[in-house]
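First the structure, in the form of structure tokens, and then the observations on it.
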Amino acid sequence: MAGFDKASRVFIAGHRGLVGSAIHRALIAAGHRNIITRTRAELDLCDGAAVDEFFTAEKPEYVFLAAAKVGGIQANNTQPAAFIHDNLAIQINVIDAAWRHDAEKLLFLGSSCIYPKLAPQPIREEYLLTGELEPTNEAYAIAKIAGLKMCEAYRRQHGFNAIAVMPTNIYGPGDNFDLETGHVLPALIRKAHEAKVSGAAEMAVWGTGNPRREFLHVDDLADATLFCMSRYDDSIALNVGVGDDVTIRELVETVCDVVGFQGALAFDTSKPDGTPRKWLDVGRLAALGWRAKIGLRDGIASTYEWYLEQGGALAAE
Ligand code: GDP
């Protein structure tokens, strides 16, 4: 085998999503010629027989498993059955089929919310499963932990080269700007934009503003996944982050500054704060030679531009 190169048959599961679409862009930019994709209408990853048929026909050599049911604090909190079911089903079908059909390697996307709610900060990879999870996203976290453990188990029992990365909070072009189901950063961009356009005196922010979050631009994450696909072959799921975090209050202030909304902030403490902090220790990946490049303010500005290009301005008027 030539290894992971431009001619490899690469399947991106979930290429329409935030992370999958960024991996798709990064592979194209790197000159990959054999990228395999399927929309959800073409291939339902929750359907084991369909996934098996797909792997039989296409025989991908490298698999980026970026397909997942994802959402913000409210979606996770209110649809736990869908979050645990869909994520487990996708992982079981894709990881198992990749191994059975002799893929060279699979990269699985975990998430920083799988660490214990009160993990020491910054969070090192070895803190996994050392304490209780944050209840608002426990169903998602349990499914993702099962995915990591599947990768480990298939490596141990079958020698299958399955690796995993654990990104911190991701944002960027392709994000979900829905206020009910999306994550905080796109929600705040949209709220600030709509408040500016409508001339509102204030905008609502959920929770106290005190929780701290780390934000990684999705193009940086995509770059890290390509890096790991080429150079990382171990069972420890690697943290991927930027190395520092901000409070939600600091985040909203930066968003308002970028968007140009100068009104007041109304913190709605009837909404949950979620975990107080999830700041990743990124020393392991840094030691291998990878670092994030996109700063938060620049990333917010380019994401806001993308939102406007998608008709965000029209939607708000
Ligand atoms: P989490 O990282 O899993 O907690 O998910 P989110 O990205 O949805 O929320 C992160 C933090 O931002 C939580 O403390 C939320 O209460 C807070 N937050 C503030 N305003 C908003 C908002 O408009 N939408 C969302 N989703 N979260 C918000």
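One is the number of the first residue; the rest follow in order along the sequence. Just so you know, ligand 1 is whichever comes first in the structure, and atom 1 is the first atom listed for that ligand.
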*Decide yes or no for W206 and I248: does some side-chain heavy atom of the first lie under 4.5 Å from some side-chain heavy atom of the second?*
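No; the side chains remain at least 4.5 Å from each other.
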*Less than 4.5 Å apart, any side-chain heavy atom of L296 and any of V255?*
no
Tabulated below should be the N or O atoms of ligand 1 paired with protein N or O atoms at under 3.5 Å; can you produce that?
from: ligand 1; atom 1: 2 (O); to: N169; atom 2: ND2; distance (Å): 3.2
from: ligand 1; atom 1: 2 (O); to: R213; atom 2: NE; distance (Å): 2.8
from: ligand 1; atom 1: 2 (O); to: K278; atom 2: NZ; distance (Å): 3.2
from: ligand 1; atom 1: 4 (O); to: R213; atom 2: NH2; distance (Å): 2.9
from: ligand 1; atom 1: 7 (O); to: V184; atom 2: N; distance (Å): 2.9
from: ligand 1; atom 1: 8 (O); to: I73; atom 2: N; distance (Å): 2.9
from: ligand 1; atom 1: 14 (O); to: D273; atom 2: O; distance (Å): 2.6
from: ligand 1; atom 1: 16 (O); to: P272; atom 2: O; distance (Å): 2.7
from: ligand 1; atom 1: 20 (N); to: W206; atom 2: N; distance (Å): 2.9
from: ligand 1; atom 1: 23 (O); to: K191; atom 2: NZ; distance (Å): 2.6
from: ligand 1; atom 1: 26 (N); to: G182; atom 2: O; distance (Å): 3.1

_Test ring-ring contact (aromatic ring centres under 6.0 Å, His included) applied to H158 - qualifying residues, sequence neighbours left out_ =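 ring-ring contact (aromatic ring centres under 6.0 Å, His included) check on H158 returns W99, Y154.
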*Who pairs with Y171 by ring-ring contact (aromatic ring centres under 6.0 Å, His included), at least two apart in sequence or on another chain?*
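Per chain and number, Y171 pairs via ring-ring contact (aromatic ring centres under 6.0 Å, His included) with H217.
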_Taking R190 first and then D178, would you say they form a salt bridge - that is, a charged N and a carboxylate O separated by under 4.0 Å?_
no
*Those residues that, when tested against R249, pass side chain to side chain donor-acceptor pair (under 3.5 Å) (two or more places apart)*: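 Partners of R249 by the side chain to side chain donor-acceptor pair (under 3.5 Å) criterion come out as none, since no residue qualifies.
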